[in-house]
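Structure record follows, encoded as structure tokens.
Here is the naming used below: chain letters follow the sequence lines, and residue numbers restart at 1 for every chain.
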Amino acid sequence: MTTKSMDAIMALCKRRGFIYQASEIYGGINGFWDYGPLGAQMKKNLREAWWQDMIMRPAWGRQGPGGKNVRCVPVETRIIQHPKVWEASGHVGGFNDPMVDDKETKQRFRADHVWVIFAYEETLIANILTQNSERLAAGETLPISIPPTFSVVAGSVTEALRYVIENVREFRPYRKAEWATNDLFDEPTVAMYDKDGRGFVANTLPLIEVLKHYSIDVIPSPATQKTGTLTPPRQFNLMFHTYVGATASEDDKAYLRPETAQGIFVQFKNVVDTTRVKVPFGIGNTGTSFRNEVTPRNFTFRSREFDQAELEFFCHPDESVEWYKFWRDFRMEWWKTIGLAGENLILREHEKDELSHYSQGTSDVEYRFPFTAPGFGELEGIAHRGCYDLTQHQEHSKTKLEYFDQEMQLRLQAEGKSKEEIAQKSKYIPHCIEPAAGLDRGVLALLCEAYTVDPSRPSPELMKFHPRIAPIKAAVFPLVAKDGMPEIAEKLHAELSDKFWRVGGVEMDEKQSIGKRYARMDEAGCPFCFTIDGETAASQTVTVRDRDSGQQERIALDKAGEFLKDKLGM
RNA sequence: GCGGGUGUAGCUCAGUGGUAGAGCGUCAGCCUUCCAAGCUGAAUGUCGAGGGUUCAAAUCCCUUCGCCCGCUCCA
């Protein structure tokens with residue numbers, strides 16, 4: 001594969017009106033992009049394709065595991081939810097990792113991963129123990145204050161101390177370290193020895209705790225063990241917040257959603273109670289989400305405001321793995337059918353250690369963008385979320401979100417199962433499979449995949465969109481603007497517009513040379529151009545030019561609509 | 001948030017203190033019977049923004065914003 005130039009793609013997007021920088025005349029705003037006429041239509045086509053193939057006729061009418069029909073319904077939920085929704089989902093906590101930077105080495109650490117080690121001289125400890133034996137016996141805690149000795153990066157106390165033991169020579173003047181126990185501390189401790197054999201007792205506390213008693217300036221950096229180079233912990237708050245109500249006090253604080261999925265979980269009970277859906281079934285939701293990214297980068301790939309198309313598919317726990325595989329495979333296939341058919345698209349199953357604790361499987365549909373190549377960037381994640389979300393909301397909202405499976409009850413009764421077993425198995429919190437696609441990333445991938453440079457063509461740049469995605473479906477040209485050709489073209493244009501306006505644009509262009517007009521349509525990604533020429537009036541035929549090959553065929557004038565309908569798969 | 005690069009017409013870019021340019025595109029007219037063709041003409045800019053130095057700033061200095069690359073981050 002030849003590497004495509006992202007700069008060239010971005011230039012074309014601007015030039016042809018696919019994507020503009022948001023608020024450009026004011027200098028732009030970091031992490032936000034607008035769509036121009038062609039981009040807006042294209043994104044609408046993508047969302048429409050998702051809606052049709054996921055909600056209206058899920059998985060193209062295929063049957064799911066066990067020959068079950070696949071039923072999905074839509075909801076449209078709000079960007080602003082009750083703040084507790086985001087506490088239950090874990091986003092408020094998870095989006096609030098404080099970070100510290102090392103000003104000298106420019107390294108950044110999660111504050112909760114920095115462990116400060118205190119090493120006490122053994123003789124000092126011994127003295128304290130003997131001098132305060134009565135107070136210690138009474139269960140008192142002794143205030144002992146010594147400067148932090150060094151710090152390490154680790155996920156837990158044990159991991160931190162294990163690191164010290166295994167890499168003790170990094171920490172001068174210590175030469176040797178081993179696990180130890182000590183009466184003074186409840187926590188695990190380590191015994192360390194310097195080159196003269198003097199003994200020390202070391203324990204560790206998380207940085208955040210240590211900062212309650214010490215200034216950041218006396219904490220050694222885990223990168224260099226020098227003091228004075230760390231910044232105070234800073235919150236990287238990825239949640240956008242706002243205020244509900246005109247008074248804008250702290251009590252009115254609310255969040256803009258970081259994903260559309262939670263709106264589905266929160267309305268799960270209502271959908272079950274009001275729409276006669278039965279497990280297994282899916283609920284889809286599309287819309288805008290917000291994440292205050294640390295570093296928006298790579299054109300529209302990591303924007304702060306973006307659109308998602310998410311399906312939450314609810315099923316019985318015993319069938320959940322089968323449904324997970326079903327959706328994972330279908331989603332991969334789906335992206336292929338709308339224009340990402342090449343080797344740039346992969347399905348990547350997450351490794352065990354990448355999975356959330358509640359997940360039995362997660363895959364990403366990934367695309368090799370020019371800016372990620374040779375790596376890949378995530379387009380869609382398909383996650384087995386277990387019963388995690390509904391359970392969380394059940395706990396936080398104190399509302400029962402169990403599903404009563406009447407079919408299961410009848411089946412178990414027929415099988416003569418015990419009352420206890422029937423009651424237990426027919427009432428459950430469904431498991432959930434979540435295919436969550438990024439629409440803006442989808443558009444970006446489709447743009448990158450479609451962008452083609454063919455130096456052998458008179459106009460080398462073209463966009464090879466799949467007809468279903470192409471914002472302009474067809475164009476009509478009179479070969480020259482005389483001899484009655486414009487009149488015939490006008491008529492054909494009117495006919496095609498009338499037939500296809502629901503799915504995309506039909507253009508008419510009679511200005512300038514025919515080559516220039518073809519070139520313009522190539523850059524807009526219009527798949528078919530109908531040209532009225534000198535023969536049309538006599539033979540009632542037109543030529544159709546295929547964008548990708550440049551080849552033309554001659555068809556009957558009154559068959560143009562049918563031709564296009566067929567090519568658009570309608 | 002740090003470091004490096006960059007910002008001049010719709011796009012690509014030239015312009016190192018002295019009257020803002022080129023190519024392409026766009027538009028108009030002519031010409032033209034199939035691929036950014038030809039001829040003629042036209043429009044288009046607070047030189048990213050703000051401040052400073054100077055008789056004079058796209059150009060030098062400071063601040064700031066956007067974009068690109070690397071680091072960092074990515075429930």
Worksheet item: Of all of residues 471-479 of chain A, which get a heavy atom below 4.0 angstrom from RNA chain B, listed by number?
Response: A:L479
Item to complete: Check if the side chain of A:R545 and the base of B:C34 share a donor-acceptor pair of N or O atoms closer than 3.5 Å.
Response: no
Discussion item. Does B:C35 have its OP1 or OP2 closer than 4.0 Å to a side-chain nitrogen or oxygen of A:Q552?
Written reply: no
Worksheet item: Please give, in whole Å, the distance from B:G66 P to A:E24 CD?
Response: 13 Å
Worksheet entry | Interatomic distance where CZ belongs to A:F301 and P belongs to B:C67 [whole Å] | 16 Å
Item to complete: Run through A:Q308, A:E259, A:E310 and flag the one making a side-chain hydrogen bond (donor to acceptor under 3.5 Å, both in side chains) with A:S289.
Response: A:Q308
Worksheet entry | RNA chain B contacts made by residues 443-461 of chain A, counting heavy atoms under 4.0 Å | A:P458, A:S459
Response to the item:
So, with a heavy-atom separation below 4.0 Å from RNA chain B, the residues of residues 518-540 of chain A are A:Y518, A:A519, A:R520, A:E523, A:T531, A:D533, A:G534
Practice prompt. Please determine if a side-chain N or O atom of A:K516 lies less than 4.0 Å away from the OP1 or OP2 oxygen of B:A37.
Written response: yes
Discussion item. In whole Å, I'd like the distance from the NE2 atom of A:H350 to the P atom of B:C74.
Written reply: 14 Å
Discussion item. For A:W33 and A:F299, take the angle between the two ring planes, folded into 0 to 90°, and tell me which bin it lands in: parallel under 30, tilted 30 to 60, perpendicular over 60.
Written reply: perpendicular
Item to complete: Evaluate the ring planes of A:Y255 and A:H241, with Trp represented by its six-membered ring, and classify them as parallel (under 30°), tilted (30 to 60°) or perpendicular (over 60°).
Response: perpendicular
Discussion item. Is it the case that B:C34 (base atoms only) and A:S513 (side chain only) share a donor and an acceptor within less than 3.5 Å, ignoring hydrogens and angles?
Written reply: no
Worksheet item: Counting only heavy atoms not in A:K567, do more than 12 sit closer than 6.0 Å to its NZ atom?
Response: no
Fill in: Partner residues of A:K464 under the side-chain hydrogen bond (donor to acceptor under 3.5 Å, both in side chains) criterion, sequence neighbours left out
none
Discussion item. A cation-pi test, strictly: NZ or CZ of A:R328 under 6.0 Å from the centre of the six-membered ring of A:Y324 and no more than 45 degrees from its axis. Yes or no?
Written reply: yes
Fill in: Donor-acceptor pair, side chain of A:R348 and main chain of A:D364, under 3.5 angstrom
no
Worksheet item: How many Å lie between CD1 on A:I25 and P on B:G66, as a whole number?
Response: 16 Å
Worksheet entry | Residue pairs fulfilling side-chain hydrogen bond (donor to acceptor under 3.5 Å, both in side chains) with at least one residue in residues 442-453 of chain A, sequence neighbours excluded | A:N344-A:E449, A:Y367-A:E449, A:Y451-A:E461
Discussion item. Within the 4.0 Å heavy-atom criterion, would you say A:E378 contacts the bases, only the backbone, or no part of the nucleic acid?
Written reply: nothing
Practice prompt. Measure across A:L496 and A:G561 and return the closest heavy-atom pair with its distance rounded to 0.1 Å.
Written response: CD2-CA, 3.7 Å
Worksheet item: Any side-chain N or O of A:N30 under 4.0 Å from OP1/OP2 of B:C67?
Response: yes
Worksheet item: Looking across every strand, which nucleic acid part, if any, lies under 4.0 Å from A:F299 by heavy atom: base, sugar-phosphate, or nothing?
Response: sugar-phosphate
Response to the item:
Contact check, residues 8-21 of chain A vs RNA chain B, heavy-atom distance under 4.0 Å, returns A:A11, A:K14, A:R15, A:R16, A:Q21
